[in-house]
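Basis for what follows: all heavy atoms, side chains included, without hydrogens, waters or symmetry-related copies. All values reported here derive from a predicted model rather than from experimental measurement. Throughout, numbering of the chain's residues begins at 1 and tracks the sequence.
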Amino acid sequence: FVIQGALAGDTTDGVADAAKRLGAALDALTAVPIPDQPHFWHRHAGVATVKAKAGELAAGPAIADARVSLALLSEALVPLVAATGVPPGLAAEVERVHCPMYREEHGGATWLQRRGDVRNPYYGAMMLECYDTRATLPATGGGR
């Protein structure tokens, strides 16, 4: 959420540190076996993409490059979060939001954000509320 919020605010302040924390959290998460599904993490190839794109963001790229990295990270992260569920301890529901214009040639771009006003990280102030669809992701354990 820090990365999405910073880019929506047209800055990269805090992005590198948040990306490092994301990479570390993903390492910790994938070390936890899923009961009755020993190959769960192996079946989700997006884990490697999320780690790679978090690494790119941790290197502190220019804002245009950070936005591309977030788009590719989100493309891999959204199905992973949908498969595992959103941790129930978050203070707000998590939404998947889609912008049809950013990376239009690839079908647009998605991001995750806390429920509330749409804050498009790909266009920032230029088109802060640009989106065509949004949906709340389920929490771990089937709901809130």
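- Qualifying side chain to side chain donor-acceptor pair (under 3.5 Å) partners for Thr11, counting only residues two or more places apart in sequence or in other chains: Asp13.
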Hey, mind stepping through Trp111 and Val78 against side chain to side chain contact (heavy atoms under 4.5 Å, CB included) and telling me if it holds? CA-CA 8 Å; Trp111 72 93; Val78 168; over 6 Å; no

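- With sequence neighbours left out, the salt bridge (charged side-chain N to carboxylate O under 4.0 Å, His left out) criterion links Asp65 to no other residue.
- Checked against side chain to side chain contact (heavy atoms under 4.5 Å, CB included), Asp132 has the following partners two or more places apart in sequence or in another chain: His98, Pro100.
- Note: Tyr131 OH to Gln113 CD = 9.5 Å, rounded to the nearest 0.5 Å.
- Nearest heavy atoms, Ser74 versus Pro79: O-CD, 4.4 Å.
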As a quick check of understanding, evaluate side chain to side chain contact (heavy atoms under 4.5 Å, CB included) for Thr140 and Val86, giving each step before the final call. CA-CA 5 Å; Thr140 302; Val86 174; 5.6 Å; no

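- Nearest heavy-atom pair across Trp41 and Thr30 is CD1-O, 3.5 Å.
- Residues satisfying the salt bridge (charged side-chain N to carboxylate O under 4.0 Å, His left out) criterion with Arg43, sequence neighbours excluded, are absent altogether.
- For the pair Leu70 and Val15, the minimum side-chain heavy-atom distance is 4.5 Å or more.
- In this structure, Leu7 CG and Asn120 CG are separated by 10.0 Å, a value rounded to the nearest 0.5 Å.
- Counting only residues at least two apart or in different chains, side-chain hydrogen bond (donor to acceptor under 3.5 Å, both in side chains) contacts with residues 14-23 are absent.
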Which atom pairs, one a donor and one an acceptor, fall under 3.5 Å between side chains of residues 45-58 and the rest of the protein, sequence neighbours left out?
residue: Lys51; atom: NZ; partner: Asp27; partner atom: OD1; Å: 2.6
residue: Lys53; atom: NZ; partner: Glu56; partner atom: OE1; Å: 3.4
residue: Lys53; atom: NZ; partner: Glu56; partner atom: OE2; Å: 2.9
residue: Glu56; atom: OE1; partner: Ser69; partner atom: OG; Å: 2.7

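- Under the 4.5 Å side-chain heavy-atom criterion for Ile, Leu, Val, Met, Phe, Trp and Tyr, Ile63 and Val2 are members of distinct hydrophobic clusters.
- Here salt bridge (Lys or Arg N to Asp or Glu O under 4.0 Å) pairs that include residues 104-124, with residues two or more places apart or in two chains, are Glu93-Arg115.
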N/O donor-acceptor pairs under 3.5 Å from side chains in residues 121-129, not counting sequence neighbours:
residue: Tyr122; atom: OH; partner: Thr110; partner atom: O; Å: 2.6
residue: Tyr123; atom: OH; partner: Met101; partner atom: O; Å: 3.3
residue: Tyr123; atom: OH; partner: Tyr102; partner atom: N; Å: 3.4

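- Atom NE2 of His106 has more than 12 heavy atoms from other residues, nucleotides or ligands within 6.0 Å.
- Atom CZ of residue Arg67 and atom CD1 of residue Ile3 lie 13.5 Å apart, to the nearest 0.5 angstrom.
- With sequence neighbours excluded, no residue forms a salt bridge (charged side-chain N to carboxylate O under 4.0 Å, His left out) with Arg96.
- Not counting sequence neighbours, the partners of Arg134 by the salt bridge (charged side-chain N to carboxylate O under 4.0 Å, His left out) test are Glu95.
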Give the intermediate values and the outcome of side chain to side chain contact (heavy atoms under 4.5 Å, CB included) for residues Val94 and Thr136. CA-CA 6 Å; Val94 175; Thr136 301; over 6 Å; no

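- Every residue was checked against the side chain to side chain donor-acceptor pair (under 3.5 Å) condition with His44, not counting sequence neighbours, and none meets it.
- Not a single side chain to side chain donor-acceptor pair (under 3.5 Å) links Arg103 to another residue, sequence neighbours left out.
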